[in-house]
There are 2 protein chains.
Amino acid sequence: MTILRSSHRLPAATPERGIPDATVARLPVYLRALNALIEQGTGTCSSNDLAAQAGVNPAKLRKDLSHLGSYGTRGVGYDVEYLSYQIAREIGQTQDWDVVIVGVGNLGSALSAYQGFSTRGIRVAALVDTSPERIGTEISGITVSALQDLTAIVAEREIAIGIIATPGEAAQKVADALVEAGITSILNFAPALVQVPEGVDVRKVDLSIELQILAYHEQRKAGLDKVVNG
Amino acid sequence: MTILRSSHRLPAATPERGIPDATVARLPVYLRALNALIEQGTGTCSSNDLAAQAGVNPAKLRKDLSHLGSYGTRGVGYDVEYLSYQIAREIGQTQDWDVVIVGVGNLGSALSAYQGFSTRGIRVAALVDTSPERIGTEISGITVSALQDLTAIVAEREIAIGIIATPGEAAQKVADALVEAGITSILNFAPALVQVPEGVDVRKVDLSIELQILAYHEQRKAGLDKVVNG
DNA sequence: AAGAGTTTGTGAACGCGTTCTCAAAATCGA
DNA sequence: TCGATTTTGAGAACGCGTTCACAAACTCTT
């Protein structure tokens with residue numbers, strides 16, 4: 001999970017609010033919690049309520065929200081709809097974001113059909129692959145294009161975000177192609193590091209590593225059992 | 001991403017090494033980097049080499065490794081095979097870990113076919129679903145079982161790790177079933193928080209949130225462009 | 001109007017993780 | 001053997017993020 005960001009110093013006109021990365025990562029969680037509250041008809045909630053719903057410490061929630069502004073009322077709490085809108089605006093969810101998925105193997109296909117994206121302002125706009133058997137086929141209602149057409153597709157549909165869902169060996173080549181095509185944010189599911197130029201953000205999701213971390217703790221638990229019980 | 005750990009104070013026999021969470025999360029990355037070095041025939045490497053391969057700061061790498069012990073030689077570096085083995089042992093990768101996947105929709109199916117698991121000591125041992133149409137079908141060579149049979153399957157195959165790949169609404173029910181069945185580590189792909197008793201570890205991977213974080217930075221870049229260019 | 005009760009927003013303390021730095025330990029060449 | 005060079009391991013400084021704690025601001029009751 002590597003985030004590269006150019007840290008331009010800006011003129012005073014732009015307040016350079018600089019929301020901490022840790023906070024940014026939690027805002028979508030709060031948004032989801034708020035939507036749950038809206039659905040169950042809640043009009044107002046305290047930081048305690050919302051924190052419980054989001055699974056965080058209330059103080060942390062308030063500190064996070066304080067980075068956006070003062071959207072609560074002391075003694076009352078937060079207006080659920082209002083706060084929801086403010087967070088959505090802050091993280092750019094008042095617009096839809098088109099993404100292109102490169103690699104339509106099992107994982108890429110699953111992602112292209114993922115239900116959770118549409119309600120979060122994410123739209124899978126294009127699928128790309130290198131395999132001749134896959135190019136031209138239709139997956140989740142989208143025709144798979146050739147990697148060569150990436151630049152044209154990205155330009156035409158103004159896509160800013162790309163997803164790498166290829167094997168590890170292809171990841172760097174695909175990342176280069178994405179950057180070349182004008183993509184400036186990449187979500188990388190391939191088990192490999194990718195190098196990108198300054199100004200391009202990369203986040204990495206590594207399925208094996210998540211399980212390996214669990215396995216470590218699991219082994220630790222087993223070891224403790226042996227010490228305690230045996 | 002919530003990790004609950006019982007913090008037993010142990011007798012001196014077990015040193016209670018307590019490797020920091022941040023380090024644990026990077027050990028699999030180092031392992032992957034080391035395997036890459038092994039494949040290209042490297043016998044020894046410095047912390048600089050390995051750090052470059054893993055994409056981290058050399059000082060961080062050395063600090064991380066120092067938590068495991070002193071496996072390097074000053075003036076020389078690390079023996080690649082030896083260090084690889086030591087890390088593998090530390091994170092429990094000298095044995096295979098069986099996992100059960102609950103929910104064989106698009107994502108669950110993709111995970112069950114994921115190539116990256118086997119080389120990392122992860123074996124998908126069972127698939128479970130609630131949908132009658134899916135139960136009994138074969139996916140990636142594994143017959144899908146009913147959720148009711150979970151306890152029997154977990155017990156029989158001594159599975160410790162479960163993966164939730166269901167819609168958000170089903171997540172808590174599935175988590176309860178997994179805990180009931182004896183699972184003590186859960187990787188949750190469903191877009192929902194799950195509550196588990198003490199002693200059970202849960203890690204969460206949220207695909208939408210990863211993209212929403214990228215969208216935030218993307219929006220920020222677009223905003224800066226406007227300020228700078230026009 | 002005033003006091004009791006809530007709840008936010010934030011300064012301050014704290015803790016964890018990262019990075020800097022350098023002594024200690026090894027190799028190598030003369 | 002000795003000095004030059006390389007590289008690890010770890011102490012110390014630093015910075016970020018979390019949590020505590022409380023004043024400020026609001027509602028409600030009397």
Side-chain angles (χ1 to χ4, degrees), chain A residues 1-5 7 15-27 29-30 33-34 37 42-80 82-84 86-87 90 213, chain B residues 1-5 7 15-27 29-30 33-34 37 42-80 82-84 86-87 90 213:
Chain A
M1 205 155 49
T2 310
I3 302 297
L4 305 171
R5 235 189 319 166
S7 56
E16 172 82 66
R17 286 198 256 38
I19 299 178
D21 286 350
T23 297
V24 171
R26 281 188 295 267
L27 290 178
V29 178
Y30 301 153
L34 284 166
L37 290 175
T42 310
T44 293
C45 71
S46 69
S47 61
N48 270 316
D49 301 338
L50 184 53
Q53 184 76 225
V56 302
N57 182 305
K60 187 192 287 188
L61 169 69
R62 291 201 301 275
K63 176 74 78 180
D64 282 342
L65 295 183
S66 76
H67 288 114
L68 313 188
S70 287
Y71 297 133
T73 310
R74 295 174 189 219
V76 178
Y78 300 93
D79 182 290
V80 174
Y82 181 61
L83 182 59
S84 170
Q86 291 299 341
I87 295 179
E90 190 70 42
I213 293 170
Chain B
M1 202 155 52
T2 310
I3 302 296
L4 305 171
R5 236 190 317 167
S7 56
E16 172 82 65
R17 288 197 254 37
I19 300 177
D21 287 350
T23 296
V24 171
R26 281 187 295 266
L27 290 179
V29 178
Y30 302 154
L34 285 167
L37 290 176
T42 310
T44 293
C45 71
S46 69
S47 61
N48 270 317
D49 302 338
L50 184 54
Q53 185 75 226
V56 302
N57 182 305
K60 188 191 286 187
L61 170 70
R62 290 202 301 274
K63 177 72 80 179
D64 282 341
L65 294 183
S66 76
H67 288 115
L68 313 189
S70 289
Y71 296 133
T73 309
R74 295 174 190 222
V76 179
Y78 300 93
D79 182 290
V80 174
Y82 180 61
L83 182 58
S84 170
Q86 291 299 341
I87 294 179
E90 190 69 43
I213 294 170

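Computed from heavy atoms alone, side chains included, the values below leave out hydrogens, waters and symmetry copies. In what follows, chains carry the letters A, B, and so on, assigned in the order in which the sequence lines appear, proteins first and then strands, with residues in each chain numbered from 1.
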Round to a whole Å and report the spacing from CG of B:Asp64 to P of D:dT8.
14 Å
Just compare C:dT8, D:dT18, C:dT19 and give me whichever is closest to any side-chain atom of A:Arg74.
C:dT8
Can you check the B:Leu83 CG to D:dG9 C1' distance for me, whole Å?
14 Å
Output the single nucleotide from C:dT7, C:dT10, C:dC20 whose closest atom is nearest the side chain of A:Ser66.
C:dT10
Spacing between B:Leu65 atom CG and D:dG9 atom P, to the nearest angstrom:
8 Å
Quickly, which of A:Val80, A:Leu37, A:Val76 forms a side chain to side chain contact (heavy atoms under 4.5 Å, CB included) with A:Thr44? Name it, please.
A:Val76
Protein-nucleotide distance (A:Lys63, atom NZ; D:dG17, atom C1'), rounded to Å:
10 Å
Nearest heavy atoms of A:Pro58 and A:Ala51, plus distance in Å:
CA-CB, 3.6 Å
Please compare B:Val76 and A:Val76 by the position of their nearest nucleotide in DNA chain D and report the one closer to 5'.
B:Val76
B:Asn48 has an atom CG; how far is it from atom C1' of C:dT19, in whole Å?
14 Å
Integer-rounded Å distance: C:dG17 P and B:Leu61 CG:
17 Å
Which nucleotide in C:dG9, D:dG11, D:dG9 has an atom nearest any side-chain atom of B:Tyr78:
D:dG9
Looking at A:Arg26 and A:Asp64, what are the two nearest heavy atoms and their distance?
NE-OD2, 2.7 Å
Take A:Thr73 and A:Arg62, find for each the nucleotide of DNA chain D with the closest heavy atom, and name the residue whose nucleotide sits nearer the 5' end.
A:Arg62
Of the nucleotides D:dT18, D:dT19, D:dG9, which one has an atom closest to the side chain of A:Arg26?
D:dT18
Please report the distance, rounded to the nearest Å, between CG in A:Leu68 and P in C:dT8.
15 Å
Rounded to whole Å, NZ of B:Lys60 lies from C1' of C:dG17 at a distance of 8 Å
Taking C-beta and beyond as the side chain, do A:Leu61 and A:Tyr30 meet within less than 4.5 Å on heavy atoms?
yes
Could you tell me which non-hydrogen atom of B:Leu68 sits nearest to which non-hydrogen atom of B:Glu90, and how far apart they are?
CD2-CG, 3.7 Å
Taking the nucleotide of DNA chain C with the closest heavy atom to each, which residue, B:Ala22 or A:Gly69, is nearer the 5' end?
A:Gly69
